[in-house]
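For reference, the structure discussed in these notes is given below.
Below, read A as the first sequence line, B as the second, and so on, with proteins coming before strands; counting in each chain starts at 1.
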Amino acid sequence: MWLHRHPRGRLGLILALPLAWLVVAYLGSLLVLFLNAFWSRDPFTSLVVREFTLDNFVELLVTEVYRTVMFRTIAMAALVTLTCIVLAYPIAYYMAKVASRRIRGMLAVAVLMPLWASYLVKAYSWRLILSEEGVLDWVLEPFGLKGPGFGDVAVWLVFTYLWLPYMILPIYAGLERIPDSLLEASSDLGGRGWTTFRRVILPLSIPAVAAGSIFTFSLTLGDYIVPGLVSTTQFIGNVIFVNVAQDLPLAAAYSLVPLAIVLIYLYLVRRLGAFEAL
Amino acid sequence: MRLEGVHKRFGEVVAVDGVDLDVHDGEFFSMLGPSGSGKTTTLRMIAGFELPTAGRILLHGQDVTAVPPFDRDVNTVFQDYALFPHMSVGDNVGYGLMVRKAPKAERVTRVRDALRMVRLEGYERRKPSQLSGGQRQRVALARALVNRPRVLLLDEPLGALDLKLREEMQLELKTIQQQVGITFIYVTHDQEEALTMSDRLAVFNKGRIEQVGAPAEVYERPATRFVAGFVGMSNLLTGAVAQAVIGRPGTFTIRPEKIHLAELDATVAADENSATGRIRDVVYLGSDTRYIVALDAGADLAVTQQNLATSSTEALALQGKAVRLVWKRQHDLPIVGEA
């Protein structure tokens, strides 16, 4: 009875658990991370000194290797995102607007299938594919070619492979939501295929592409396993991973970098008006 | 506009089963029928969204059966309006002109004129999401008309509007059609709408056309049993009842409003027919009352009388009364080709 007459109480009951989780486990850990970034490490005792300082950020900015790693990571994330868009869009379009119901279902399973396998197994398989004398070299050998070997190209390939479903699914959902009558209207008013795509389909699917790119971009920024497996170059994730044991405050400060980048990215996407149609 | 033996099959389902049709220039032509009767599919074939399985579609003598929609001189007003949500009203209306690369200045004037015609002057910068249903409907109309097509196709354009707005828009559509002189082909399942607006109409059923004609003709001389039942309300007399009441075998229809209720001993003129029965049910409808009369010869007849001088209590008191039904002979219409 009380619940029936007090909608707020009802709402509170429903939301109590998820809210507690969000505040304590999710925001709590972020807060600790944030605080750590402004503390420092005593070089002799290796203990964390809990006093406010900006030294960590200064060090990140003045040390060349940190800057190089930062730019390399951002460039890689951008490149992976672009590649994913180029690969995912046609597949998503085919699924949403062309394929029959049966084929669409089969494609959806095919896209989701890799997500059921362990991420580590997939990354390791790519190590086998790309390694010296690996599967790729073996396939290309008769043509007098060689695989890219370990390095940035390998990292790009593996990331694109791993995150592609996260791009296909949002774009598919976005295209699916565009009513067919809009495409017919464009064609009815004289728009050929390309015009209809550029003037109607593309602008209406930008929010979906933006949503997908947020996944691929941030997942690439935060990953440290793939570069460790198929490359020797370092990315932000590797630097953090190495520093967690040695200098936690510095690692915390560095981990704020991808966070900041993602926030800026979200802001830019929002400014572009990509969320207006949602 | 001419359709010759047009068929459309979707897999096993036959949506349109041999439609022949001539629509004259400048005509307001309606395609009326229940859902699934093939009227919308026919419209979509005229627009070019569907390819007929067989048959030809001609526009001004030119075969356009396989011409894609963007090359047809035909525009469509969609049932859901299909306005581009990311564009302003002005850009929506100017879309066809923009795509066909009309100069900017011409575009602006023509968009303004089109919006004025649908009484939405100055709405260029609004977004479709900021408009009411009726306004969206008008933008969709302006967007199609601005291209000055030879034929305008309207797919149940008023279906989503409430009754009051619908009636307003019916008048407005008709006025606009007369103003621009473009051929309108109008799909609807609402028989009243089709009767009030059209110069001529075609009644669709199960993928075929049952009758084509002017509204009065279709209403007063329904060619088939289906048309009699679908366009307005109608009584059907068949078999032995027809023999007893009309005096010859066949299938006859009588409109409920053509029948008078009279006393049992009322005189019947030479040009009139009559039947006796008992009032089984009285339905008070406000301006009219509908009486269901069980004929002594069998079968029920519906009779509609205007409540000119009758109060509701008087009308309801008639229940159970024995009456004579009288109508002019010219109003019992034989349906040709049915026994």
Handout entry: Approximate separation, where rounding is to 0.5 Å, of B/D80 CG and A/L182 CG
Key = 7.0 Å
Handout entry: Enclosure of B/R9 CZ (heavy-atom neighbours >12, cutoff 6.0 Å)
Key = no
Fill in the blank from the handout: One should read off an interatomic distance between A/T195 OG1 and B/M98 CE, to the nearest 0.5 angstrom, of 8.0 Å
Handout entry: More than 12 heavy atoms from other groups under 6.0 Å of CZ on A/R199
Key = no
Problem - Residue B/F84 versus chain A: region with a heavy atom under 4.5 Å - result: both
Practice task
Verify the neighbour count for atom OH of A/Y26: are there more than 12 heavy atoms of other residues, nucleotides or ligands below 6.0 Å?
Solution key: no
Completion exercise
The interface call for B/R143 against chain A, heavy-atom contacts under 4.5 Å, is both
Handout entry: Sub-4.5 Å side-chain heavy-atom contact between A/S186 and B/V99
Key = no
Practice task
Might you confirm whether atom CD of B/Q62 has over 12 heavy atoms from other residues, nucleotides or ligands at distances under 6.0 Å?
Solution key: no
Exercise for the section: Against chain A, label B/N147 side chain, backbone, both or neither, depending on which of its atoms sit under 4.5 Å from a heavy atom there. Expected result: side chain
Exercise for the section: Considering only NZ, NE, NH1 and NH2 on the basic side and carboxylate oxygens on the acidic side, decide whether B/R72 and A/D188 come within less than 4.0 Å. Expected result: no
Practice task
Determine the option with the most heavy-atom pairs under 4.5 angstrom with chain A, choosing from B/A140, B/G48, B/P69, B/S129.
Solution key: B/P69
Problem - A/F197, CZ atom: more than 12 neighbouring heavy atoms under 6.0 Å - result: yes
Handout entry: Part of B/D91 within contact of chain A (heavy atom distance under 4.5 Å)
Key = neither
Completion exercise
Closest heavy-atom pair, A/L204 versus B/P85, reported as atoms and distance to 0.1 Å, is CD2-CG, 3.7 Å
Exercise for the section: Search all heavy atoms of B/R100 against all heavy atoms of A/L189 and return the closest pair with its distance. Expected result: NH1-O, 3.6 Å
Practice task
Quick one: closest heavy-atom pair of B/F70 and A/R192, and the distance?
Solution key: CE1-NH1, 3.3 Å
Problem - Neighbour count >12 (heavy atoms, 6.0 Å) for atom CZ, A/F34 - result: no
Handout entry: Residue B/L83 versus chain A: region with a heavy atom under 4.5 Å
Key = backbone
Practice task
For B/K206, look at atom NZ and say whether over 12 heavy atoms of other residues, nucleotides or ligands are found less than 6.0 Å away.
Solution key: no
Exercise for the section: For atom CZ of B/R116, decide whether the heavy atoms of other residues, nucleotides or ligands shown that lie under 6.0 angstrom number more than 12. Expected result: yes
